[in-house]
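Take a look at the structure below.
Just the heavy atoms: all of them, side chains too, but no hydrogens, waters or symmetry mates, feed the values below.
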2 protein chains.
Amino acid sequence: MEDSARQGNTRERLLEVSAELFRERGFHATSMRDIARVAGMRPASIYHHFAGKETILQELMRGFLGELLSTAQSAAAQAGDAPGRLAAVVRAHMRLHAACATVALVTDTELRALQGPARQEILALRDRYEEIVQDILRQGMRDGVMQVTDIKIASYQLLAMGTGVVFWWRPDGRLSLEEVVEQYVLAAYRLCGVHP
Amino acid sequence: MEDSARQGNTRERLLEVSAELFRERGFHATSMRDIARVAGMRPASIYHHFAGKETILQELMRGFLGELLSTAQSAAAQAGDAPGRLAAVVRAHMRLHAACATVALVTDTELRALQGPARQEILALRDRYEEIVQDILRQGMRDGVMQVTDIKIASYQLLAMGTGVVFWWRPDGRLSLEEVVEQYVLAAYRLCGVHP
DNA sequence: CAATTAACCTAACGATCGTTCGGCAGGGGA
DNA sequence: TCCCCTGCCGAACGATCGTTAGGTTAATTG
């Protein structure tokens with residue numbers, strides 16, 4: 001089945017187009033006719049590749065959060081003290097959010113559009129991501145190299161800060177990606193009370 | 001016109017109901033029929049109080065951002081060094097976000113739903129809010145009591161962190177509001193490199 | 001008391017929504 | 001050659017959308 005390449009291209013193209021439209025207008029303000037028009041096909045043809053509109057959103061979120069989770073787990077699993085692990089997670093987080101800025105923004109802003117089991121599944125992925133950060137904070141506190149008043153609040157502050165980058169960062173901006181990444185690593189260190 | 005109280009009540013009730021529904025389902029997933037049903041009236045009656053659905057959202061955002069801006073300006077205008085002004089702004093920000101958690105969340109997540117001049121107006125209010133923070137950071141750098149690598153990025157980090165509180169804070173939560181407020185003041189100090 | 005107006009109603013408009021049905025073109029396998 | 005399957009299409013379904021026109025009620029005003 002060498003035509004799976006063509007199918008894969010169409011599927012992937014539909015996902016990209018949908019993500020772009022969801023980011024610009026929001027999930028509910030984007031119609032299947034909009035997606036079809038930009039993708040160069042008719043609305044009915046989309047249903048050959050996806051079961052429905054919400055399925056497209058699910059696939060986008062599952063893909064992004066899954067990748068975010070696996071890269072964060074790899075980063076957190078590498079040997080080192082808590083600050084080193086935190087820095088690795090922040091760098092992985094930032095680079096993936098920069099590489100997938102569109103779908104990252106959609107994932108963070110359209111959680112309300114999901115319903116039923118898919119919503120629970122996505123929320124579970126997000127919770128696991130939070131726990132990675134909180135585990136590092138606990139280790140840092142235990143080792144006496146981090147000073148935070150409340151681990152949960154500190155993790156919320158870290159995640160809100162790190163997620164917010166998709167709202168302003170642009171690849172052609174004033175600062176290079178790696179400069180921005182290192183500023184967020186420094187900010188994370190400061191938030192956690194890591195002594196420089 | 002003592003019946004202005006009744007009209008004011010209905011208008012205010014419609015605003016509250018709309019904010020609650022916009023927060024739960026999002027602006028585009030909320031219909032005028034939904035709003036009318038929860039408010040105990042018929043869809044057509046809403047148009048006696050508002051020109052249309054988007055007008056309701058505009059009014060919610062204008063009201064919240066206007067109040068946020070005025071309280072922040074008062075906080076920033078009080079005499080004191082940069083850290084003192086920053087702490088005052090953070091406290092005002094947190095207390096207003098806690099008091100108006102619903103409309104605060106709507107304001108932060110439904111900007112895409114606004115179009116035309118109203119969108120520009122709301123964006124201008126948000127920009128003025130950013131500038132308040134950036135002015136304080138500039139003063140802190142000038143006085144040598146703050147250490148940030150980039151003022152714009154630092155302000156984005158601060159605002160993302162401070163805005164994110166609406167996504168997890170609940171009035172009946174584990175910590176009192178003032179405890180949370182002071183943790184965010186401490187976090188802001190750390191982010192800005194204020195020496196303790 | 002007459003006139004006005006605010007507040008709300010019923011009913012319906014045209015548009016658009018997500019989705020489905022049945023069919024058409026064409027290439028690969030038997 | 002025949003068949004089937006993939007990919008796409010035209011057309012339409014029922015539902016729901018934001019909004020409006022016009023009427024009714026009750027309170028206020030002059």
Side-chain angles (χ1 to χ4, degrees), chain A residues 1-22 24-61 106 110 112-119, chain B residues 1-22 24-61 106 110 112-119:
Chain A
M1 297 181 183
E2 55 266 34
D3 64 345
S4 70
R6 173 172 290 182
Q7 165 163 5
N9 282 341
T10 303
R11 253 187 82 95
E12 197 173 345
R13 172 162 173 73
L14 280 171
L15 285 173
E16 290 173 10
V17 164
S18 301
E20 196 62 48
L21 289 172
F22 292 166
E24 290 173 6
R25 321 179 187 181
F27 174 75
H28 281 109
T30 302
S31 70
M32 295 296 265
R33 288 165 177 83
D34 291 331
I35 298 172
R37 189 182 317 118
V38 177
M41 48 194 329
R42 307 293 161 175
S45 308
I46 302 180
Y47 292 85
H48 252 286
H49 303 276
F50 299 96
K53 186 180 166 188
E54 194 174 321
T55 307
I56 301 180
L57 183 62
Q58 290 175 22
E59 201 143 327
L60 286 171
M61 290 189 171
V106 170
E110 294 293 352
R112 283 178 301 192
L114 285 188
Q115 294 165 353
R119 184 194 183 92
Chain B
M1 297 180 182
E2 55 265 33
D3 65 343
S4 69
R6 170 172 293 183
Q7 164 163 7
N9 281 341
T10 303
R11 255 187 80 96
E12 196 173 346
R13 173 163 173 74
L14 280 171
L15 284 173
E16 289 173 10
V17 164
S18 301
E20 195 62 48
L21 289 172
F22 292 166
E24 289 173 6
R25 319 179 188 181
F27 174 76
H28 281 110
T30 302
S31 69
M32 295 295 266
R33 288 165 178 83
D34 291 332
I35 299 172
R37 189 183 318 117
V38 177
M41 50 195 326
R42 305 293 163 175
S45 308
I46 303 179
Y47 291 85
H48 228 15
H49 303 276
F50 299 96
K53 188 181 165 189
E54 194 175 321
T55 306
I56 301 179
L57 183 62
Q58 291 175 22
E59 200 142 329
L60 285 172
M61 290 189 170
V106 171
E110 294 293 351
R112 283 179 300 193
L114 285 188
Q115 294 164 353
R119 184 194 183 91

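For the pair B/E24 and B/L21, the minimum side-chain heavy-atom distance is below 4.5 Å.
Taking 4.0 angstrom as the limit, B/H28 places none of its side-chain polar atoms (N or O) nearer than this to OP1 or OP2 of C/dC17. Close to D/dC8, at under 4.0 Å from its OP1 or OP2, lies a side-chain N or O of A/T10. In this structure, B/S31 reaches the D/dC17 phosphate: one of its side-chain N or O atoms is under 4.0 Å from OP1 or OP2.
Qualifying salt bridge (Lys or Arg N to Asp or Glu O under 4.0 Å) partners for A/R37, counting only residues two or more places apart in sequence or in other chains: A/D34. Qualifying side-chain contact (heavy atoms from CB on, under 4.5 Å) partners for B/A44, counting only residues two or more places apart in sequence or in other chains: none. Partners of A/R42 according to the salt bridge (Lys or Arg N to Asp or Glu O under 4.0 Å) rule, which considers only residues two or more places apart in sequence or in another chain, do not exist here. Evaluation of the salt bridge (Lys or Arg N to Asp or Glu O under 4.0 Å) rule for B/E16 yields no partner, not counting sequence neighbours.
Taking CG of B/L14 as the start and CE of B/M41 as the end, the distance is 5.5 Å to the nearest 0.5 Å. To the nearest 0.5 angstrom, B/M61 atom CE is 6.5 Å from B/E110 atom CD. Separation of atoms CD1 (B/I46) and CZ (B/R33) is listed at 10.0 Å; rounding is to 0.5 Å.
Look at CG on B/D34: it is 11 Å from C1' on D/dT16, rounded to the nearest Å. Taking atom NE2 of B/H49 as the reference point, atom C1' of C/dA7 lies 6 Å away to the nearest angstrom. Counting to the nearest Å, the P atom of D/dG18 and the CG atom of B/L57 are 13 Å from each other. A/F50 places its CZ atom 12 Å from the P atom of D/dG7, with the value rounded to the nearest Å. The nearest whole Å value for the distance from the CE atom in B/M41 to the C1' atom in C/dC8 is 7 Å. When rounded to the nearest whole Å, the span between CG of B/N9 and P of C/dC8 equals 11 Å. Rounded to an integer number of Å, the gap from CD1 of A/I46 to C1' of C/dT20 is 14 Å. D/dA26 atom P lies 15 Å from atom NE2 of B/H48, rounded to whole Å.
Closest to the side chain of A/R42, from the set D/dC8, D/dC9, C/dG18, is D/dC9. Nearest nucleotide to the A/Y47 side chain, out of C/dC9, C/dT20, D/dG7: C/dT20.
Contacts of residues 14-21 of chain B with DNA chain C (heavy atom under 4.0 Å): none.
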Name each donor-acceptor pair under 3.5 Å that joins a side chain in residues 51-58 of chain B to protein atoms two or more places apart or in another chain, with its distance.
| from | atom 1 | to | atom 2 | distance (Å) |
| --- | --- | --- | --- | --- |
| B/K53 | NZ | B/F27 | O | 3.0 |
| B/K53 | NZ | B/T30 | O | 2.6 |
| B/E54 | OE2 | B/Q115 | N | 3.2 |

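A/T55 comes within 4.0 angstrom of nothing in the nucleic acid, heavy atoms only.
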Atom pairs, N/O to N/O, protein against nucleotides 11-15 of chain C, distance under 3.5 Å?
none

